[in-house]
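Residue numbers start from 1 in every chain, and the chains themselves are labelled A, B, ... in the order their sequence lines are given, proteins ahead of strands.
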Amino acid sequence: MAERAGKAHLQAMPGLSIVWFKRDLRVADHAPLAAAAAAGPVLPLWIVEPGLWAAEEASARQYLFQAESAAELCADLAVLGQPLVVRAGEPLAVLSALAEAMPVRAIHAHQESTGERDFARDRAVRAWAREAAIPFHEHRQNGAIRALPSRDGWAARWERFTRAPVLPAPATLAPLGLDPGTIPHPQALGLAPDPCPGRQRGGRRAAEALLWSFLADRALPYRRAMSSPLAGWASCSRLSPHLAAGTLSVREAAQAARRARDGESGGLAEGIDSFLTRLAWHCHFIQKIETEPAIERSAMHPAYAGIGGAGPGEPVFEAWAAGRTGWPFLDACMRCLVETGWLNFRARAMLVSVAAMHLGLDWRAVGLHLARLFTDYEPGIHWSQVQMQSGVTGVNTIRMYNPVKQGFDQDPEGAFVRRWVPELRALPGRLALEPWRAGGAAGYPAPIGDHEALARAARERLWGVRHGPAYRAAADAVQARHGSRRSGMRQVGSRRPPAQPRLELGE
DNA sequence: AGTGCAGTTGACTTT
DNA sequence: TAAAGTCAACTGCAC
């Protein structure tokens, strides 16, 4: 083994620090790398975990994005002196094998806010490291805070975190002469073939290009254009897969955005401000899974625990997943997602809401299917959003999207629908959004149901749960645990913000 | 020119 | 990040 071959040379060293790269595939603003490099020789390690990639929410498109990012990280580290070392296996086995083969003085990694499987993995590594007397340092990488006692004051802490200095990459790394290993093919990990011709490319260069083009001009129509899946491709930052893989840090993005905004006024400054708000929301949602990893599995509000619904293999689910519901705008969004791995926020919300509400699909099955299609799958954001758009959080109102109205609002000319649903290309203008008015289109299904009647039934079903007994107290607990403290939002104990004094009442 | 009325628009509330 | 319902103000038009 490579570890053994280099042993004599390595044993002579005073000890090296392992930097365990996870979803933080960059050299800049990387606290574990900076801390390890300050202490001596560094072994930069990327572990390809079969267990992680065998998970239900994992897909080849996510893996390939990370693999591309890791390959570029390897080159960036090579320039510093020690390229990335890639090992396949479960982290506990890989780390303990390394620690037996060479003197490891410490392990540095970022904290990850993920579902229960990865939390358990990190807990096991911590226990092993304690046992082996190897210091295991976990650094913060975004606005999510471990062991947060309360949400109060969170926004100020996010500001402070993102305004702290960006850490430079180390100047040099001592070469270790280890076998660099190879990045496995997705099939070797058992990942299903996942053609995604429009997928974004991984890597730091792509992240930087997106960031600079967004801040220079693409952000100008952001507020207006981000709601449309057609305009959103150009006018949204599309940095989400990079933030998920860590080719760019939230802090780097926030500081670049603030600098770009300070030299601007008007539309571009407004677009960048909106982007900054969304960067904070990014961390706000990751905080939810950090606080409660079970949200990937169970509804935040216990009253919805048994809500269930149709899943894979059932015709309704398959029609939704294939983009063949007969509602053109919804189908276009699904097909666009399948082929590009990305959709703007609003379109994602509609896909979930129609699935869980109109079609009565199981929210967790819906979430798993969409997770695999999102190149930018980020557990905390994803499961918070799926639960919210399915109406099972018990907080916020039930937001039900009308799949036909959304088409009229977001794609009034029908261009997006014609682009992604070829069966409707012959229908001009708005007719593509309502092919039933043209007597249908060859090869395209009739609507799977009367969306207005389905919406009514879903509304009654979901509100029915809310009107049941013992609902209120549990809802307040969810709000206290996860709710934003943004001023003006309803807080526990007060049903609405205090009324402003009104002069004309003159009591 | 003023009046009545149907239809529209926007602000706000409810689900 | 929704949609439907309510209500008041407004608009265009006929008389």
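In this structure, the CD atom of A:Glu460 is 13 Å from the P atom of B:dT15, given to the nearest Å. The distance between atom CE of A:Met357 and atom P of C:dA4, rounded to the nearest whole Å, is 14 Å. Following rounding to the nearest Å, A:Trp463 (CH2) and B:dT13 (C1') show an atom-to-atom distance of 12 Å. When the P atom of C:dG5 is taken as reference, atom CE of A:Met400 falls 13 Å away, rounded to whole Å. Summarising the geometry, the separation between CG on A:Leu351 and P on C:dA2 is reported as 15 Å, rounded to the nearest angstrom. Counting to the nearest Å, the C1' atom of B:dT14 and the CZ atom of A:Arg456 are 17 Å from each other. For the pair A:Glu452 CD and C:dG5 P, the interatomic distance rounds to 10 Å; values are reported in whole Å. Note: CZ (A:Arg466) to P (B:dT14) measures 15 Å, nearest angstrom.
Base contact: A:Ile398 has a heavy atom under 4.0 Å from a base atom.
Look at A:Lys405 and you won't find any side-chain N or O under 4.0 angstrom from OP1 or OP2 of C:dA2. Taking only side-chain nitrogens and oxygens, A:Gln389 never comes nearer than 4.0 Å to OP1 or OP2 of C:dA2. A:Arg346 has a side-chain polar atom (N or O) that falls below the 4.0 Å cut-off from OP1 or OP2 of C:dA2.
Test A:Thr247, A:Leu215, A:Leu239, A:Leu248 against A:Leu210 for side-chain contact (heavy atoms from CB on, under 4.5 Å) and you get one pass: A:Leu239.
Cation-pi check for A:Arg238 over A:Trp233 is met; the charged atom lies under 6.0 angstrom from the ring centroid and within 45 degrees of its normal. Under the 6.0 Å distance and 45° angle rule, A:Arg218 does not count as a cation-pi partner of A:Trp212. Annotation: cation-pi geometry satisfied between A:Arg466 and A:Trp463 (NZ/CZ under 6.0 angstrom from ring centroid, within 45° of ring axis).
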